[in-house]
Each structure stands twice: as structure tokens, then as C-alpha cells.
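Worksheet for the structure shown next.
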Amino acid sequence: MHLALHHARAAELRAEADAHRLAAGAGRPADLRTRLGWTLVEVGLRLAAAPRNAAAVSQAVP
């Protein structure tokens, strides 16, 4: 009886591990989406900061 329960639990754990691997594999596009999003935020911040820096430089030069 103990061995039968052991085999049943081992099969359940294998199924959970397979499900976890599939879920982890599906999460990778979200990582790419997150990196792309933060890259766009960084580019936007640099573009927003550029006019202030350019104006400061043009005012400093007579």
C-alpha cells in the first residue's frame, strides 16, 4: 500500500513539475515585453530631457 501511494504522489509531482516548466516557458515573452517597455521609458525620458539640456547650452554660449 505504501509503495502504491509513493508512486501516485511521484506521478503528481512530475505532473506539477511539467506544468511549472510550461508556465515558466510561457513567461519569457512577458520578460521581453517588460524590457522593451522600460527601454521605451528610458528613451522617452532622454528625449524629454534633451530640450532642457540643449536650451541650457544655447543660452550659455553668447
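Heavy-atom basis, side chains included; hydrogens, waters and symmetry copies ignored.
Between Leu36 and Leu32 the shortest side-chain heavy-atom distance does not fall below 4.5 Å.
How far CG of Leu5 is from CE of Met1: 5.0 Å, rounded to the nearest 0.5 Å. We find the CG-CG distance between Asp18 and Leu13 to be 11.0 Å, quoted to the nearest 0.5 Å.
Residues satisfying the side-chain hydrogen bond (donor to acceptor under 3.5 Å, both in side chains) criterion with Glu42, sequence neighbours excluded, are Arg46.
The hydrophobic cluster containing Leu47 does not contain Leu40, counting ILVMFWY residues as joined when their side-chain heavy atoms lie under 4.5 angstrom apart, directly or transitively.
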